[in-house]
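Scroll down for the structure; my scribbles are underneath it.
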Amino acid sequence: MQLEGKVALVTGASTGIGGAIALAYGAAGAKVTIDYLHRQEEAQQICQKIGSEKATAIQADVSKLQDITRMVQRTVETFGRLDIMVNNAGIEVPTPFLEVTEAQWDRQLAVDLKGPFFMAQAAARQMVKQRKGKIINISSVHEDRPMPGNAPYCAAKGGLRMLTRTLADELAPYQINVVGIGPGAIATPINQKTLSDPQKVQTLLNSIPLGRIGKPEDVAALAVWLASDASDYVTGTTFFIDGGLMVQAGSL
């Protein structure tokens with residue numbers, strides 16, 4: 001029960017990585033706010049698995065400051081504090097660079113960068129009062145690794161990388177740790193199109209030294225450790241969890 005007595009808020013937590021993190025936090029003893037946008041039924045199912053007295057689901061759009069403020073306030077009102085903030089909500093709409101529209105760019109950056117910025121700000125204002133907290137940004141290997149045909153997503157994740165490092169420095173005097181998790185290929189709904197194509201799956205597997213696609217639970221296990229007191233001396237870096245994708249070099 002590494003997180004006993006702690007309160008966490010996980011965005012985009014009705015499915016995929018966010019859902020796995022919420023469940024893992026509940027199993028580790030934390031009380032959890034589960035943010036969702038459209039998938040109310042799935043969010044409620046996760047609450048039920050954690051336990052109604054330890055979890056609550058809140059509908060909120062992380063691209064809207066009003067929703068962000070309301071969600072953090074309700075979390076503190078419900079559970080009395082906020083110790084762990086996980087910025088997981090994200091979207092990905094692969095589009096050739098020459099075809100990206102202004103609306104696509106604005107929406108991608110609003111969810112994947114503006115959202116984490118203001119979620120972290122709202123959470124940190126509460127954590128400053130407590131003089132301790134953990135902010136975990138779910139980034140991607142593509143904060144470092146180019147992905148042609150997905151420029152807005154890569155730009156957002158690259159921005160999240162520097163946001164993580166800057167906030168880690170600025171919030172350190174308050175004992176608030178800010179870290180990133182950079183998943184590689186993980187079997188989640190956002191990757192369903194790729195995962196349903198055997199040829200694409202094989203191409204992907206050929207680039208992963210460990211030879212398998214990751215599971216949301218792989219990421220959740222890391223997120224539990226980063227949220228716990230055991231990681232108190234860790235801040236300002238991204239932990240890549242990718243089966244070796246980032247270091248795959250191929251043969252000469």
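Here, residue 1 is the first one in the sequence, and each next residue gets the next number.
Side-chain contact between Ile135 and Leu171: present, with at least one pair of heavy atoms (C-beta onward) separated by less than 4.5 Å. Gln108 has its side chain within reach of Tyr153: a pair of non-hydrogen atoms, C-beta onward, lies under 4.5 Å apart. Between Val7 and Ile84, every side-chain heavy-atom pair lies at or beyond the 4.5 Å cut-off. Looking at heavy atoms from C-beta onward, Leu205 lies in side-chain contact with Val201 at the 4.5 angstrom threshold. Residues Lys132 and Asp83 form no side-chain contact, since every pair of their non-hydrogen atoms from C-beta on lies 4.5 Å or further apart. Residues Glu92 and His142 form no side-chain contact, since every pair of their non-hydrogen atoms from C-beta on lies 4.5 Å or further apart. Pro96 is not listed as a side-chain neighbour of Leu98, based on a closest heavy-atom distance of 4.5 Å or more. Looking at heavy atoms from C-beta onward, Leu9 lies out of side-chain contact with Tyr25 at the 4.5 angstrom threshold.
For the atom pair CD1 (Ile46) and OG1 (Thr15), the distance works out to 7.5 Å, reported to the nearest 0.5 Å. Note that the CZ atom of Arg74 and the CD1 atom of Ile58 stand 4.0 Å from one another [nearest 0.5 Å]. In this structure, CG in Asp144 is found 9.5 Å from OG in Ser140, a value given to the nearest 0.5 Å. Going from atom OG of Ser231 over to atom NZ of Lys134 covers 3.0 Å, rounded to the nearest 0.5 Å. The structure places OG of Ser52 at 11.0 Å from CD1 of Ile50, a figure rounded to the nearest 0.5 Å. Between atom CD of residue Gln104 and atom CG of residue Asp106 there is a gap of 10.5 Å, rounded to the nearest 0.5 Å.
Closest approach of Leu195 to Ala187, counting heavy atoms only: CD1-CA, 3.6 Å. The two residues Ala57 and Cys47 make their nearest non-hydrogen contact at N-SG, 3.5 Å. Scanning all heavy atoms of the two residues, the minimum distance from Gly159 to Leu113 falls at C-CD1, 3.7 Å. Across Ala22 and Val32, no two heavy atoms sit closer than the pair O-CG2, 3.9 Å.
Hydrophobic clustering of Ile, Leu, Val, Met, Phe, Trp and Tyr side chains at less than 4.5 Å, counting indirect connections, unites Val72 with Ile176. Linking ILVMFWY residues whenever their side-chain heavy atoms come closer than 4.5 Å, directly or via other members, leaves Leu210 and Phe239 in distinct clusters. A continuous path of Ile, Leu, Val, Met, Phe, Trp and Tyr side chains, each step under 4.5 Å between heavy atoms, connects Leu109 with Val100, placing both in one hydrophobic cluster. Leu3 and Val179 fall within the same hydrophobic cluster, defined by Ile, Leu, Val, Met, Phe, Trp and Tyr side-chain heavy atoms under 4.5 Å apart, directly or through other members. At a threshold of 4.5 Å between side-chain heavy atoms, the hydrophobic network of Ile, Leu, Val, Met, Phe, Trp and Tyr places Tyr174 and Leu82 in one connected group.
For the residue pair Glu77/Gln73, the side-chain donor-acceptor check at 3.5 Å is not satisfied. When only modelled atom types and interatomic distance are considered, Thr11 and Asn88 share no side-chain donor-acceptor pair under 3.5 Å. Side chains of Ser139 and Asn137: a donor-acceptor N/O pair is absent below 3.5 angstrom, by distance only.
Listed by chain and residue number, Ile17, Ile138, Ile181, Ile186, Val219, Ile241 satisfy the side chain to side chain contact (heavy atoms under 4.5 Å, CB included) test with Pro183 (two or more places apart in sequence, or in another chain). Residues satisfying the salt bridge (charged side-chain N to carboxylate O under 4.0 Å, His left out) criterion with Arg125, sequence neighbours excluded, are absent altogether. Here Asp242 pairs with Val141, Phe240, Leu245, Met246 under the side chain to side chain contact (heavy atoms under 4.5 Å, CB included) rule; sequence neighbours left out. A search for side chain to side chain contact (heavy atoms under 4.5 Å, CB included) contacts involving Ala220 returns Ala20, Ile21, Ala24, not counting sequence neighbours. Shown here are the salt bridge (charged side-chain N to carboxylate O under 4.0 Å, His left out) partners of Glu143, two or more places apart in sequence or in another chain: Arg161. Every residue was checked against the side chain to side chain contact (heavy atoms under 4.5 Å, CB included) condition with Ala27, not counting sequence neighbours, and none meets it.
Atom CD of Gln199 is surrounded by 12 or fewer heavy atoms from other residues, nucleotides or ligands within 6.0 Å. For Arg70, the CZ atom is densely surrounded, since the number of other residues' heavy atoms within 6.0 Å is greater than 12.
In this structure a side-chain-to-backbone donor-acceptor pair under 3.5 Å is missing from Thr69 to Gln66.
Among pairs with a residue in residues 18-32, none fulfils salt bridge (charged side-chain N to carboxylate O under 4.0 Å, His left out), at least two apart in sequence or across chains. Evaluation of the salt bridge (charged side-chain N to carboxylate O under 4.0 Å, His left out) test over residues 164-192, restricted to residues two or more places apart or in two chains, returns none. Applying the salt bridge (charged side-chain N to carboxylate O under 4.0 Å, His left out) rule to pairs touching residues 200-222 yields Arg212-Asp218, sequence neighbours excluded.
Grouping Ile, Leu, Val, Met, Phe, Trp and Tyr by side-chain contacts under 4.5 Å, direct or through others, leaves Tyr233 on its own.
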May I have the list of side-chain donor-acceptor pairs in residues 33-45 shorter than 3.5 Å, sequence neighbours left out?
unit_1 : atom_1 : unit_2 : atom_2 : d
Thr33  : OG1    : Thr75  : OG1    : 2.9
Asp35  : OD2    : Gly12  : N      : 2.9

Could you go through residues 115-122 and list every donor-acceptor pair under 3.5 Å that involves a side-chain atom there, pairing it with any protein atom two or more places apart or in another chain?
none

